[in-house]
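Taking it in order: structure first as structure tokens, then the write-up.
In what follows, every heavy atom counts, from backbone to side chain, and hydrogens, waters and symmetry copies are set aside. Source: prediction; values computed, not measured.
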Amino acid sequence: MTFWIASAAGLVIAYLLGSIPTGYLTGKLLGGIDIREHGSRSTGATNVLRTLGKWPALAVLVVDVLKGVAAIFVARTFCPWLYGVLSPSAPTAADLQAWVPWAVSLAGIAALLGHGRSIWLNFTGGKSAATGLGVLLAMSWPAGLGAAAVFGIALALSRIVSLSSMLAAFTAITLVCGFDHPLPYRLLVIAGSLYVIVRHRANIQRLLAGTEPRLGQSSPVS
């Protein structure tokens with residue numbers, strides 16, 4: 001029971017962190033607009049870039065990445081602390097080693113769902129790529145840096161953010177499975193990356209049709 005209470009608390013906090021509508025708030029504060037009524041109607045950094053410019057987009061990107069980092073930090077620090085407080089006896093190192101990876105993985109998924117389905121925006125949101133990068137960096141920085149590098153190279157060559165994000169997601173799966181990580185981490189990255197790719201399904205259709213906009217071009221309404 002203690003495990004489930006601590007895990008549930010971590011899930012709720014991670015979801016609420018992920019659900020902070022950074023792009024929406026930026027649109028309201030800087031442009032007096034609802035970003036969901038412009039461009040692709042996403043609240044992510046790419047739509048902010050096309051609608052409000054590079055500096056607001058950079059701010060949204062950084063905060064969205066930090067949301068993912070914060071969710072993993074909560075799972076690694078607050079959840080074990082709460083587990084220890086609620087447990088009748090102090091948890092052993094073996095208990096924590098077995099339990100914490102699962103708590104981290106569940107918190108990561110919750111943060112992704114929070115960003116893509118924010119409770120504050122009637123369960124709408126962004127594509128979760130930036131928050132997913134934050135989760136990955138906090139969980140496995142080598143895999144996170146590798147995925148970020150692939151994103152940067154793909155973006156420089158194609159200037160298509162959606163394509164670059166999906167290639168980074170595939171890279172994350174390959175790297176985390178290649179490194180020596182616990183099974184929960186691998187399951188998280190596989191599930192999270194597939195979730196990010198599914199969130200790009202409209203972009204995939206435009207890529208296949210050859211109509212996906214590049215950086216500097218206006219985005220069609222999803």
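Looking only at side-chain heavy atoms (C-beta outward), Pro213 and Arg206 come within less than 4.5 Å of each other. Ile204 places a side-chain heavy atom less than 4.5 Å from the side chain of Ile197. The closest side-chain heavy-atom distance from Thr43 to Val60 is not below 4.5 Å. In this structure, Trp102 and Pro182 have side chains that are not in contact, with every pair of non-hydrogen atoms separated by 4.5 Å or more. Looking only at side-chain heavy atoms (C-beta outward), Lys28 and Ile33 stay at 4.5 Å or farther from each other. Contact annotation: the side chain of Tyr185 never approaches that of Val189 to less than 4.5 Å [non-hydrogen atoms, C-beta and beyond]. Proximity of Cys79 to Val100: side-chain heavy atoms (C-beta onward) are nowhere separated by under 4.5 Å. Side-chain atoms of Leu207 and Met166, non-hydrogen and from C-beta on, do get closer than 4.5 Å to each other.
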>> I'd like to know whether Arg201 forms a side chain to side chain contact (heavy atoms under 4.5 Å, CB included) with Val198, so could you lay out the CA-CA distance, the side-chain angles of the two residues, the decisive distance to 0.1 Å, and finally the verdict.
In response: CA-CA 5 Å; Arg201 57 190 178 275; Val198 168; 3.7 Å; yes
>> As a quick check of understanding, evaluate side chain to side chain contact (heavy atoms under 4.5 Å, CB included) for Ser193 and Phe170, giving each step before the final call.
In response: CA-CA 7 Å; Ser193 297; Phe170 282 119; over 6 Å; no
> Can you check side chain to side chain contact (heavy atoms under 4.5 Å, CB included) on Thr131 and Val65, steps first, answer last?
Replying inline: CA-CA 5 Å; Thr131 300; Val65 169; over 6 Å; no
>> Quick one, Leu163 with Glu212, criterion side chain to side chain contact (heavy atoms under 4.5 Å, CB included). Give me CA distance, side-chain angles, the key distance, then yes/no.
In response: CA-CA 9 Å; Leu163 175 62; Glu212 179 72 346; over 6 Å; no
Atom pairs and distances, side-chain donor-acceptor, residues 138-161, under 3.5 Å, sequence neighbours left out:
residue: Ser140; atom: OG; partner: His181; partner atom: NE2; Å: 2.7
residue: Ser158; atom: OG; partner: Ala154; partner atom: O; Å: 2.7
residue: Ser158; atom: OG; partner: Ile160; partner atom: N; Å: 3.2

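Cluster membership for Val104 and Ile190, using ILVMFWY side-chain heavy atoms within less than 4.5 angstrom, is shared. Under the 4.5 Å side-chain contact rule for hydrophobic residues, Leu136 and Leu113 share a cluster. Leu25 and Leu121 end up in the same hydrophobic cluster when Ile, Leu, Val, Met, Phe, Trp and Tyr side chains are linked at under 4.5 Å. Tracing side-chain contacts under 4.5 Å through hydrophobic residues (I, L, V, M, F, W, Y), one never reaches Leu16 starting from Val74; they form parts of separate clusters. Hydrophobic clustering, with ILVMFWY side chains joined whenever heavy atoms are under 4.5 angstrom apart, keeps Leu17 apart from Leu133.
Separating the CG atom in Leu66 from the CG atom in Leu137 is a distance of 10.0 Å, to the nearest 0.5 Å. Taking CZ of Arg186 as the reference point, atom OG of Ser105 lies at 12.0 Å (rounded to 0.5 Å). In this structure, the separation between OH on Tyr195 and NE2 on His115 is 8.5 Å, given to the nearest 0.5 Å. Note that the CG atom of Leu29 and the OG1 atom of Thr26 stand 6.5 Å from one another [nearest 0.5 Å]. Considering NE2 of His200 and OG of Ser42, their distance stands at 8.0 Å, rounded to 0.5 Å. Rounding to the nearest 0.5 Å gives a distance of 8.0 Å between NZ of Lys127 and CG of Asn47.
The heavy-atom pair separating Gly134 from Val69 by the smallest distance is O-CG2, 3.4 Å. Residue Val196 comes nearest to Ser128 through the heavy atom pair CG2-O, 3.9 Å, listed as atom of the first residue, atom of the second, then distance. Nearest heavy atoms, Ala107 versus Leu11: N-CD2, 4.1 Å.
Evaluation of the side chain to side chain donor-acceptor pair (under 3.5 Å) test over residues 8-25, restricted to residues two or more places apart or in two chains, returns Ser19-Trp120, Thr22-Asp64.
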